[in-house]
Amino acid sequence: QVQLVESGGGLVQAGGSLRLSCTASGSIFSINAMGWYRRAPGKQRELVAKIISAGTTNYEDSVKGRFTISRDNAKNTVYLQMNSLEPEDTAVYYCNARIRYTGYYWDVNDYWGQGTQVTVSS
């Protein structure tokens, strides 16, 4: 079994910063990718940023230049540094990890954190 534990959400004024963290634990052979998604009220869940094991990153267009995703492989932890926050960034942010849980390449599952609320006031 694998667990993802998130932290770092909260309330911040527009223009401020927050840093989200997510740590994976449990039956982990390797982590292929980790990322952050968000769901704003009345909207579909969307990818915010993702980082794969080789370090390649990709971002949703509206956060490029403001958010930075990084990863500490030794700690099985992914971070999302969010700067210049805007009210439109208000959402529940979910950590996601694609984890191989045995030595077989086909034994891969997607796991999700419980979500952390980010609220940006204008």
Could you walk me through whether L20 and V118 satisfy the side chain to side chain contact (heavy atoms under 4.5 Å, CB included) test, starting with their C-alpha distance in whole Å, then the side-chain angles of each, then the deciding distance to 0.1 Å, before giving a yes or no? CA-CA 9 Å; L20 305 182; V118 171; 4.1 Å; yes
A14 to P87 - nearest heavy-atom pair and separation: CB-CD, 4.1 Å
Side chain to side chain donor-acceptor pair (under 3.5 Å) between T119 and T90, worked out: CA-CA 5 Å; T119 303; T90 295; 5.3 Å; no
For residues S17 and N83, report the shortest heavy-atom separation together with the two atoms involved. OG-OD1, 2.9 Å
Show the nearest heavy-atom pair for residues R66 and S84, with the distance to one decimal. NH1-O, 2.9 Å
So do the side chains of T102 and F29 get within less than 4.5 Å of each other, counting heavy atoms only? no
So which heavy atom on S30 is nearest to which on N32, and how close? OG-OD1, 3.9 Å
Ignoring hydrogens and angles, state whether a donor on the side chain of N73 or R71 is under 3.5 Å from an acceptor on the partner side chain. yes
Kindly indicate whether the side chain of F67, heavy atoms from C-beta on, has any atom under 4.5 Å from the side chain of L85. yes
Smallest heavy-atom separation, S21 atom then Y79 atom, equals OG-CD2, 3.3 Å
Can you find a heavy atom in the side chain of V78 that is under 4.5 Å from one in the side chain of I31? no
Distance-minimising heavy-atom pair for V108 and Y101: N-CE2, 3.8 Å
Within the 4.5 Å heavy-atom criterion, are R38 and D89 side-chain neighbours or not? yes
Does a side-chain heavy-atom distance below 4.5 Å link K50 with N58? yes
Just wondering, do Y59 and T68 contact through their side chains at under 4.5 Å, heavy atoms? yes
Given side chains that start at C-beta, do those of T23 and K75 come closer than 4.5 Å, heavy atoms only? no
Less than 4.5 Å apart, side chain to side chain, heavy atoms only: is that true for C95 and W36? yes
Can you confirm whether E86 is buried at CD, in the sense that more than 12 heavy atoms of other residues, nucleotides or ligands lie under 6.0 Å from that atom? yes
Test: R39 cationic atom under 6.0 Å from W112 six-membered ring centre, within 45° of axis: no
